[in-house]
Amino acid sequence: AEYLRLPHSLALIRLRNPPVNALSLAVVNGIREGLQKAMSDHTIKAIVVCGANDKFCAGADISSFSRSSPGISFGVVVDEIQRYEKPVVAAIRGVALGGGLELALGCHYRIAHAEARVGLPEVALGILPGARGTQLLPRLIGVPMSLDLITSGRPVGADEALKLGILDVVINSDPVEEAVKFSQEILDKPLEPRRLLNKSVPSLPNMDSIFSEAFAKVQKQYPGFLAPETSIQALQAAVNLPYKLGIKEEEKLALYLQKSGQARALQYVFFAESSVHKQSPPSVASWQTASPQPISSVGVLGLGTMGRGIAMCFAKAGIPVVAVESDPKQLEIAKKAVTSMLEREASKMQQSGRAWTKPTLTFSSSADMLCESGRFGQKTGKGWYQYDKPLGRVHRPDPWLSEFLSQYRETHHLESRSISQEEILERCLYSLINEGFRILGEGIAASPEQIDIIYLSGYGWPRYRGGPMFYAATVGLPVVLEKLQKYYTQNPDVPQLEPSDYLKKLAAHGNPPPKDWQSLAGPPGSKL
Ligand SMILES: CCCCCCCCCCCCC[C@H](O)CC(=O)SCCNC(=O)CCNC(=O)[C@H](O)C(C)(C)COP(=O)(O)OP(=O)(O)OC[C@H]1O[C@@H](n2cnc3c(N)ncnc32)[C@H](O)[C@@H]1OP(=O)(O)O
Ligand SMILES: NC(=O)c1ccc[n+]([C@@H]2O[C@H](COP(=O)([O-])OP(=O)(O)OC[C@H]3O[C@@H](n4cnc5c(N)ncnc54)[C@H](O)[C@@H]3O)[C@@H](O)[C@H]2O)c1
């Protein structure tokens, strides 16, 4: 941060940490030093705080979170500012987010440009506004709106922030110039009414039900996420405790979240999304600029499960399809399947007599056998279970099944054993992760972040677990490798369990973070 003396007995503190003036230790120390200078200089009557390069501040430096506990020391600075005897005015351009808004809440006045955005987006990073945000915002704008803004993390534009009472003045000109003028006008005004820490949270008669509704809402809206619920607890502390104790509770809850594992995952996702957005194909083509081309005919390579469906889709849309299948047997099966699908479509008959091709994977035919003996589950009142009636939902174990399974085992020389939840999870996830390493090694995926973002965006992988490749690093690559080796030895007929070379190479380095994988594993193949 820079310190400047301005005319009219004013000082300016300008945060400078490109690109978004994030709060690093150096920036925080700079703010503190600037304030101390201004306080000890008797010629200075008021201080303006702003950010360089048209941005106030995007909050704590997220990349430093793994090295320190954010918030704790900065909250002290926010309190110090409030207690100062000289007015401190925040001049906001661009964004004041997270710790940036907490800094502004510590100031006695907030002036912003009409295009500025302010907010407390910490929940998206798995944490809470831990530098007094959960204690000061409700004192300023009340509990219901604080709940909304903090649990959703949604930033608001300057006009909305003005209406809510977060901002004091919104202008279309330079907020620093405006703050300089404004500072001179308020020099004689008492500061005590501007100190949020000495105010109480506006009380409402139905506070208990407001909080219980908020808990129910976030449990439904963000299932599994810890930060929204924990933020509500911090807001409850603001209502129920004096400021001094409320900030202790905020600190305790912030530390709990910071150590939860969800915070690390969500912070990884923040940078992963940013890096994936930046990666562009080698050509100038981009999904943002591309426009659809007319399609006159379509070629489909391979008439397996997907190819057949794809060929059907185009045929149904009236687009000529040329399909190529290298395996004559598959071709025969596919021809029949496509013809029968088209016939079914044409006669608008309900789905029946579906052509079945045996997958190449090893699988148990027990489910087929159940269906073949008329056991279609709830539909027919029996399947794996017995139901109270056809279409009924009450199920109980079926003695018939035990008999069926013991015969099945005998026929296939299988020994029964119980399979733990852990084994199910590991075999499913580690084989998926193994495939991720394979496609990284082949150069089909450009980075682990790309695989993770695809899983978060398209396959419902919980965001707070960071994606499969991040999850692998959380478990530890040597552990994943060892488990895959064990399961592959036990099941040599399941090729998905054979550890990929890429994983082996990386695990030889211990458990490096995903961002280092590519440099450690060497250049990928080029299957693309
Ligand atoms: C022992 C004591 C140690 C004390 C250390 C001092 C720590 C100070 C503690 C402060 C305490 C604060 C506590 C607070 O409650 C916690 C927080 O503030 S958490 C952070 C909250 N802020 C955010 O979540 C903002 C995230 N950023 C954004 O939403 C957007 O980036 C943006 C700011 C709206 C800008 O969007 P765009 O214009 O689209 O640009 P990009 O998104 O591409 O970003 C550009 C560039 O900046 C990097 N970046 C953005 N924000 C941060 C950030 N907060 N920290 C670090 N880096 C950030 C982003 O990754 C891009 O980088 P690039 O890819 O270009 O390298
Ligand atoms: N099945 C799914 O649910 C699904 C979902 C998403 C993506 N995919 C992907 O789509 C692709 C196809 O999947 P699928 O399930 O249809 O596989 P599949 O194994 O059922 O079919 C692939 C077909 O391609 C044929 N083939 C192989 N090499 C060929 C060549 N050189 N020329 C012509 N034909 C060739 C094979 O003989 C086979 O019939 C795979 O890459 C798969 O990962 C599948």
Side-chain angles (χ1 to χ4, degrees), residues 15 17-32 51 53-65 67-78 94-103 105-106 116-137 150 153-155 227 231 234 250-251 254 257-258 263 266-267 269-279 299-311 323-334 337 357-361 435 439 444 458-459 527:
L15 280 58
N17 186 15
V20 291
N21 300 324
L23 297 165
S24 62
L25 189 53
V27 172
V28 173
N29 285 340
I31 297 172
R32 219 170 179 175
N53 302 320
D54 292 342
K55 287 185 186 77
F56 185 72
C57 170
D61 180 353
I62 303 167
S63 62
S64 72
F65 276 5
R67 301 190 290 275
S68 63
S69 303
I72 291 146
S73 49
F74 190 62
V76 175
V77 181
V78 172
V95 288
L97 297 175
L101 180 56
E102 289 171 308
L103 169 64
L105 291 176
R117 282 181 303 136
V118 303
L120 295 172
E122 283 85 343
V123 284
L125 300 167
I127 54 173
L128 55 71
R132 313 295 192 246
T134 66
Q135 304 303 298
L136 296 180
L137 193 66
I150 293 177
R154 120 187 126 86
S231 301
E250 181 191 77
E251 183 178 317
L257 285 178
Q258 189 60 29
L266 288 163
Q267 286 153 27
V269 172
F270 173 79
F271 289 112
E273 271 178 340
S274 173
S275 80
V276 165
H277 278 299
K278 277 184 196 130
Q279 281 163 12
V300 177
L301 271 188
L303 278 174
T305 316
M306 294 299 284
R308 278 174 232 163
I310 292 166
V324 179
E325 168 57 62
S326 57
D327 178 347
K329 231 164 129 190
Q330 276 283 74
L331 181 63
E332 213 36 55
I333 295 166
T357 50
K358 190 176 180 302
T360 46
L361 295 176
E435 187 60 23
I439 64 173
I444 289 176
Y459 288 87
K527 282 239 172 144

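First listed ligand is number 1; within each ligand, the first listed atom is number 1.
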Can you find a pair of side-chain heavy atoms, one from [X] and one from [Y], that are under 4.5 Å apart?
X      : Y      : answer
Met306 : Val300 : no
Leu103 : Phe74  : yes
Glu102 : Leu136 : no

Can you name the nearest heavy-atom pair linking [X] to [Y], along with the distance?
X      : Y      : value
Gly126 : Ala263 : O-CB, 3.8 Å
Pro121 : Gly98  : CD-N, 3.4 Å
Phe56  : Ala96  : CD2-CB, 3.7 Å
Asn17  : Ala22  : ND2-O, 2.8 Å

**Item:** Atoms of ligand 2, numbered as shown, that sit under 4.0 Å from any heavy atom of Val324
**Value:** 33 (C), 34 (N)
**Item:** Element-labelled atoms of ligand 2 that are located less than 4.0 Å from some non-hydrogen atom of Asp327
**Value:**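 Atoms satisfying the 4.0 Å criterion: 37 (O).
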**Evaluation steps, side chain to side chain contact (heavy atoms under 4.5 Å, CB included), between Gln330 and Arg308** = CA-CA 11 Å; Gln330 276 283 74; Arg308 278 174 232 163; 3.9 Å; yes
**Request:** Could you see which bit of Gln330 sits under 4.0 Å from ligand 2, with heavy atoms only: side chain, backbone, both or neither?
**Result:** side chain
**Message:** Does the residue Ser24 have a heavy-atom contact with ligand 1, meaning some pair of atoms that are separated by less than 4.0 Å?
**Reply:** yes
**Request:** Would you check whether His277 reaches within less than 4.0 Å of ligand 1, judged by its heavy atoms?
**Result:**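 Heavy atoms of His277 never come under 4.0 Å of ligand 1.
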For [X], is at least one N or O under 3.5 Å away from an N or O on ligand 1?
X      : answer
Glu102 : yes
Ala58  : yes
Glu122 : yes
Leu25  : no

**Request:** Mark yes or no for whether Ser274, through its side chain, and Phe270, through its backbone, hold a donor-acceptor pair below 3.5 Å.
**Result:**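 Absent.
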**Prompt:** Considering Pro19, Ala254, Ala60, which one's heavy-atom position lies nearest to atom 10 (C) of ligand 1?
**Reply:** Ala60
**Request:** Tell me which one of Ser274, Cys57, Gly99, Ala263 gets a heavy atom nearest to atom 18 (O) of ligand 1.
**Result:** Gly99
Measure [X] to ligand 1 on non-hydrogen atoms and call it side chain, backbone, both or neither using the 4.0 Å cut-off.
X      : value
Leu120 : neither
Val20  : side chain
Val28  : side chain

**Request:** With heavy atoms of Leu23 as the reference, note each atom of ligand 1 found under 4.0 Å away.
**Result:**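 The list of qualifying atoms is 7 (C), 8 (C), 10 (C).
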**Prompt:** Below 3.5 angstrom, do we get any N/O pair linking Met306 and ligand 2?
**Reply:** yes
**Asked** Roughly how far, to the nearest 0.5 Å, is CG of Leu120 from CD1 of Ile150?
**Response** 5.5 Å
